[in-house]
Amino acid sequence: MGRRILALWLPYLASDRILRTRLGRNWRCARSPDALRPPLVISHRDSNAQRVAAICEQSAALGLRRGLGIADIRAMYPQVEIVEAEPDADRRLLTSLADWCDRYTPLVAFAGSDGLFLDITGCAHLFGGEQAMLDDLGRRLTEQGFCARVGLASTPGMAWAAARFLKPVPVAPGDEAEALSPLPLAALRLEPALRTSLKSVGLRTVEAILHAPRPPLARRFGAGLLLRLDQALGAVDEAVSPRLPVAPISVERHLAEPVVQGEEVERLIFIMAGTLQEDLVRRGEGARSLQLSLFRVDGVVKRLVVGASRPLREPALVLKLFRERLTALGEMEAGCGFELIRLSVMAAARFEPEQSDMVAGSRSDDADLALFADRIRARLGNEAILAMTLVESHLPERAVANMPFTGQSISASPETAMRERPIRLLPHPEPVDVAMAEIPEGPPRNFRWRRVLYRVARAEGPERIAPEWWLGGEDDEPTRDYFRVEDEDGRRFWIYRHGLYGAPTGTPRWFLHGLFA
């Protein structure tokens, strides 16, 4: 089956947000008489004038519409209640609805400030078919206090038009032209000025544009008109970018009865982790990041994410990490219960054949340490465990920073790794005795460090580092010349000379700053 796009339109999003706050989430199901509450209008300032930004269903029945002046409305309908617009609150509500729509498909995108696009290709059969999915989505949103209209078609443009101008019935593939023909020009998502221009020449419906010659339309009204038409008909592809990354592996459980107890949630996590383990074994991978999504009956979605220092797929270890995360959150705020639970692998890595599952009795010390670090991070956050990491800096003592632990004790980029291997810095540079080279400014011939004599077989340098000019040091403050030296046994060292020969500061001194791994 080809691509299928579901469009969700919330025409009274702003007013529904306010009424849900005042009357409760199920205010539409309570069937409270509209006569007991005044019509609601949401206003905003536009060009030094207060105008209508959004309305409720009662206000729409009175003939009010967006863009009207608030002063005119007060004069015509004194009983209307005026509330200031809150765009940020409306956006947060739409974002929470997008999270909730993940129960149908992970491919959810915003469609303006009052709608969503859901790519449900291959998902409808999980809900009993396309019509059953539309009915389920509309019913659940009504129970949550929203007035919602839905449309389903093979293109985003047709689905957008169906949600606003057609009955909630899927548009079959290939029927886009027939469904669009009787609709007004607004069904093509055209700008108001362009619609006015089209109406001025007698083009008032999509059918009139379909039968009109295309070259004159493009010359007079621009290519955007034909682009919108072709996108709706499927002649030009229109991308729908999901707002969240799609998990490569995911498993979920639809529950006949909502669960409230934490023990039941943990039991389901263990069962789903076992299912994920089978898929991971088949792919030869282990999970590095997992996400637990808990869908509450009232529409609230809770997401918990845990990370692993090394690839894992053992259900018991996955449960331990999420148990720490749940413990850190305290009460799970189950409310009236979770009706859908999903466990997803957000990032995976190759599970090496020589590495067995980390079960009791077979874990190495490194595995125990990694698991301990993962549990600490799950409970206290990623900043709880830090590791030394090489960073770019021309000052060696500042080339190491504490970064969140990722499973390796130290990491380095090619620019800071000193050739092909990372360097291990000493806590403090240690003095060394150096036999002078044939050239005074060159590398040492041999040196003694910790009572051991090392004969230099190969050396690179010098790499001169001057004091920071912005600290206001003296002009005669010593510089440092760094050398990479390798002894006869292949051991490599990073040493530097503090000061120059013949400088006012006297005889230069030598220090060992680090060793190459």
Kindly determine whether Arg189 and Glu191 satisfy salt bridge (charged side-chain N to carboxylate O under 4.0 Å, His left out), including the steps that lead there.
CA-CA 7 Å; Arg189 296 175 291 174; Glu191 296 294 333; over 6 Å; no

Checking Ile120 against Ile5 for the side chain to side chain contact (heavy atoms under 4.5 Å, CB included) test, could you report, in this order, the C-alpha distance in whole Å, the side-chain angles of both residues, the deciding distance, and whether it holds?
CA-CA 6 Å; Ile120 63 166; Ile5 303 297; over 6 Å; no

Working note: Tyr454 + Arg448, criterion side chain to side chain contact (heavy atoms under 4.5 Å, CB included); need CA distance, chi angles, decisive distance, verdict.
CA-CA 6 Å; Tyr454 297 92; Arg448 188 180 299 275; over 6 Å; no

Let me see the working for Glu264 and Arg267 under salt bridge (charged side-chain N to carboxylate O under 4.0 Å, His left out), right down to the final yes or no.
CA-CA 5 Å; Glu264 289 296 319; Arg267 183 181 65 85; 3.1 Å; yes

Leu425 vs His513, test: side chain to side chain contact (heavy atoms under 4.5 Å, CB included). Steps then yes/no.
CA-CA 6 Å; Leu425 296 179; His513 201 125; 3.7 Å; yes

Check the pair Leu94 / Arg91 against side chain to side chain contact (heavy atoms under 4.5 Å, CB included), numbers first and verdict last.
CA-CA 5 Å; Leu94 186 62; Arg91 188 66 176 182; 4.1 Å; yes

Is there a salt bridge (charged side-chain N to carboxylate O under 4.0 Å, His left out) between Asp279 and Arg282 once you walk through the steps?
CA-CA 5 Å; Asp279 294 333; Arg282 192 160 44 248; 2.2 Å; yes

Under the salt bridge (charged side-chain N to carboxylate O under 4.0 Å, His left out) rule, what do Arg25 and Asp16 come out as? Steps first, then yes or no, please.
CA-CA 9 Å; Arg25 294 177 181 269; Asp16 286 345; over 6 Å; no

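Side-chain contact between Arg3 and Asp237 is present, with heavy atoms from C-beta onward closer than 4.5 Å. When side chains are defined from C-beta on, Val259 counts as touching Val265, because their heavy atoms get closer than 4.5 Å. Taking the side chain as every heavy atom from C-beta outward, Glu176 and Ser154 approach each other to under 4.5 Å. A 4.5 Å side-chain heavy-atom check between Phe516 and Arg491 finds every atom pair outside the cut-off. Residues Pro431 and Phe511 form a side-chain contact, since some pair of their non-hydrogen atoms from C-beta on lies under 4.5 Å apart. Residues Leu229 and Val236 have side chains not in contact (no heavy-atom distance under 4.5 Å, counting atoms from C-beta outward). Annotation: side chain of Ser289 is in contact with side chain of Val305 (closest heavy-atom distance under 4.5 Å). Put simply, the side chain of Leu137 reaches to within 4.5 Å of the side chain of Leu6, judged on heavy atoms.
Shown here are the ring pair (Phe, Tyr, Trp, His ring centres under 6.0 Å) partners of Trp100, two or more places apart in sequence or in another chain: Tyr104.
Here Leu225 contributes atom CG and Leu190 contributes atom CG; the two are 6.0 Å apart, rounded to the nearest 0.5 Å. A distance of 11.5 Å separates CG in Leu304 from CG in Leu290, rounded to the nearest 0.5 Å. Atoms CD1 and CG, on Ile271 and Leu319 in that order, are 11.0 Å from each other to the nearest 0.5 Å. Remark: Trp494 CH2 to Glu463 CD distance equals 7.0 Å, nearest 0.5 Å. Atom CE in Met272 sits 9.0 Å away from atom OG in Ser344 (nearest 0.5 Å). Interatomic distance, CG of Leu188 versus CG of Leu226, reported as 10.0 Å (0.5 Å rounding).
Contact check on Asp487 versus Arg455 returns no salt bridge, with no Lys/Arg side-chain nitrogen under 4.0 Å from an Asp/Glu carboxylate oxygen. Salt-bridge annotation for Arg350 and Glu285: absent, with no side-chain N of the basic residue lying under 4.0 Å from a carboxylate O of the acidic one.
By the neighbour-count criterion of 12 heavy atoms within 6.0 Å, atom CD of Glu257 is sparsely surrounded, having that number or fewer from other residues, nucleotides or ligands.
Nearest heavy-atom pair, Ala232 versus Thr155, reported as atom, atom and distance to 0.1 Å: O-OG1, 2.8 Å. Pairing each heavy atom of Ala132 with each of Phe127, the nearest pair is CB-O, 3.3 Å. Shown here for Glu238 and Gly157, the closest heavy-atom pair between the two residues is OE1-N, 3.8 Å. Summarising the geometry of Ala109 relative to Val240, their closest heavy-atom pair is CB-CG1, 3.5 Å, with the distance given to 0.1 Å. When all heavy atoms of Glu339 and Arg296 are compared, the pair lying nearest together is OE2-O, 3.8 Å. Listed here is the closest heavy atom pair of Phe270 and Pro315: CE1-CB, 3.7 Å.
A donor-acceptor pair is defined here as one N or O able to donate and one able to accept, closer than 3.5 Å; no such pair exists between the side chain of Ser250 and the backbone of Ala247. Thr21 contributes a side-chain N or O that, together with a main-chain N or O of Arg17, makes up a donor-acceptor pair within less than 3.5 Å.
For Thr121 and Arg4, the side-chain atoms include no donor-acceptor pair closer than 3.5 Å. With 3.5 Å as the limit, one finds a donor-acceptor pair spanning the side chains of Glu252 and His254.
Geometrically, Arg464 does not engage Tyr496 in a cation-pi contact defined by less than 6.0 Å to the ring centre and at most 45° from the axis. At least one cation-pi condition fails for Arg484 and Phe493: the charged atom is not both under 6.0 angstrom from the six-membered ring centre and inside a 45 degree cone around its axis.
Checked against the 6.0 Å centroid threshold, Trp510 and Phe483 count as a close aromatic pair.
Looking at Arg342, Arg92, Arg303 one by one, the single match for salt bridge (charged side-chain N to carboxylate O under 4.0 Å, His left out) with Asp99 turns out to be Arg303.
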